[in-house]
Amino acid sequence: MSSPTVFDLDRVRSRFNRAADAYDRHAAVQQEVGRRLDERFGWLKLDPERVLDLGAGTGQMVRAMRSRYPKARVIGLDLAESMLRHLPRERWWSRRRLAVAADMHALPFAGGSMDVVVSNFALQWSDRPEALFAEVARVLAASGVFSFTTLGPDSLQEIRRAWAEVDAAPHVHHFMDMHDLGDALVGAMLADPVMDRETVTVTYPTVDALLADLRGVGVGNAQRGRSSGMTGPRAWRRFREALATQAVDGRIPLTYEIVYGLAWGTGVSPLTSASTHGRYGVPMADGPDPDGV
């Protein structure tokens, strides 16, 4: 069953565009998980020609895939075009980047055109995982690999608890359980899904330091059901106090449940009939009017 649409994608895009220049300074968890995701490709015997990075951000996985598969054409896709301007150039001497600004639920690539689809810390921004996985299955070649990380339901529990002491409005996104994600992969006609998880806890000396990292990577309430008004100073103070009371030995924890998933392409998907509705490898150049954005 499809999930209700809960994200305001314009707001998501705006947040990540604003965060793009400072993102890497705040993304220690994302970068560490990306390294662990890249290491998992060492277990696979692959020689891909085309690799797609979904939710490429500033390009960590684009760089990792280029290093691991130097003969492959690696394409970065992100909703926020400012993020894509941080991707590495196609060649050291070129101004062009293999970058596409698009919604990952409607991939502008031909069916079966990708040998690998990789995604780090992006799928939690999907409120339609069935549709997203169907698109991945459509563009993924038979026997191609889809490998990703996302957040599980125990993530950001400290933030959730603190807001619960303030009001009943939704402030933290719902994150899918790994078993439900595995079911969605099967429903998208991807084969042999393998799911596992780990918990990563980061601690901060102050509430301000914790919130600065979250804001710095574009995290914020982008749910359509959020309050339309600004949070008042009293509610904000209560939230900060509730967050501070969770400190252990003087440091405030922030929990991430990291879900890892892997599945194989079958050459079919629920969208196979629409498998030729796009193109791939749109180059992006520096300048005020980049091609492909």
Side-chain angles (χ1 to χ4, degrees), residues 1-17 52-57 61 75-81 83 100-114 117-140 144-156 170-191 193 195 197 218-226 257-266 268-278 280:
M1 181 179 296
S2 297
S3 304
T5 301
V6 298
F7 286 131
D8 179 342
L9 289 184
D10 287 339
R11 188 175 179 88
V12 173
R13 177 174 172 266
S14 177
R15 282 186 176 276
F16 279 100
N17 274 329
L52 173 63
D53 180 6
L54 284 186
M61 297 311 297
I75 304 157
L77 180 144
D78 203 278
L79 187 65
E81 64 274 13
M83 286 284 188
V100 179
D103 181 352
M104 58 187 173
H105 300 87
L107 299 175
F109 309 113
S113 59
M114 300 296 164
V117 177
V118 63
S119 182
N120 182 46
F121 258 82
L123 302 189
Q124 65 269 17
W125 293 101
S126 172
D127 48 23
R128 295 174 288 137
E130 300 90 347
L132 171 57
F133 290 163
E135 273 289 86
V136 170
R138 181 185 65 79
V139 303
L140 194 60
V145 171
F146 176 36
S147 186
F148 64 88
T149 69
T150 188
L151 296 181
D154 287 342
S155 299
L156 309 186
H171 291 275
V172 181
H173 304 159
H174 169 73
F175 303 119
M176 286 185 68
D177 179 87
M178 73 173 185
H179 302 291
D180 294 330
L181 287 167
D183 290 343
L185 290 169
V186 173
M189 302 182 184
L190 291 159
M195 309 294 300
R197 60 173 294 282
V219 171
N221 188 356
Q223 298 176 99
R224 294 186 183 277
R226 69 187 185 277
E257 180 187 357
I258 310 299
V259 175
Y260 296 87
L262 182 143
W264 298 84
T266 60
V268 296
S269 91
L271 303 174
T272 297
S273 61
S275 63
T276 59
H277 75 283
Y280 82 90

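Side chain of Ser147 to main chain of Val118: no donor-acceptor pair is present (N/O by atom type, distance under 3.5 Å, no hydrogens or angles). Between the side chain of Arg197 and the backbone N or O of Asp177, no donor-acceptor pair lies under 3.5 Å.
The OG atom of Ser119 sits 9.0 Å away from the CE atom of Met61 when rounded to the nearest 0.5 Å. Put simply, CG on Leu151 and CE on Met178 are 14.5 Å apart, with the number rounded to the nearest 0.5 Å. For the atom pair CG (Leu107) and CE (Met114), the distance works out to 8.0 Å, reported to the nearest 0.5 Å. Here CD of Glu135 is found 12.0 Å from CG of Leu140. Values are rounded to the nearest 0.5 Å. Here the straight-line distance linking atom CG of Asp53 with atom CG of Asn120 works out to 8.0 Å at 0.5 Å rounding.
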Checklist entry - How far apart are the C-alpha atoms of Trp264 and Val145, what are their side-chain angles, what is the distance that settles it, and do they pass the side-chain contact (heavy atoms from CB on, under 4.5 Å) test? => result CA-CA 5 Å; Trp264 298 84; Val145 171; 3.1 Å; yes

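Of all heavy-atom pairs spanning Met104 and Leu132, the tightest one is O-CD1, 3.1 Å. Scanning both residues, Thr149 and Phe121, for their nearest heavy atoms gives OG1-N, 3.0 Å. Listed here is the closest heavy atom pair of Gly261 and Met195: CA-SD, 3.7 Å. Residues Pro270 and Met189 approach most closely at N-SD, 3.9 Å, considering heavy atoms. Between Asp103 and Arg128 the shortest heavy-atom distance is OD2-NH2, 3.9 Å. Taking each heavy atom of Pro129 and Met176 in turn, the nearest pair found is CG-SD, 3.2 Å.
Using a 4.5 Å heavy-atom cutoff, the side chains of Leu54 and Phe148 are not in contact. Side-chain atoms of Val259 and Phe175, non-hydrogen and from C-beta on, never get closer than 4.5 Å to each other. Side-chain contact between Phe16 and Leu79 is absent, with no heavy-atom pair separated by less than 4.5 Å. Proximity of Trp125 to Thr150: side-chain heavy atoms (C-beta onward) are nowhere separated by under 4.5 Å.
Pro193 pairs with exactly one of Leu181, Val186, Leu262 by the side-chain contact (heavy atoms from CB on, under 4.5 Å) rule, that one being Val186.
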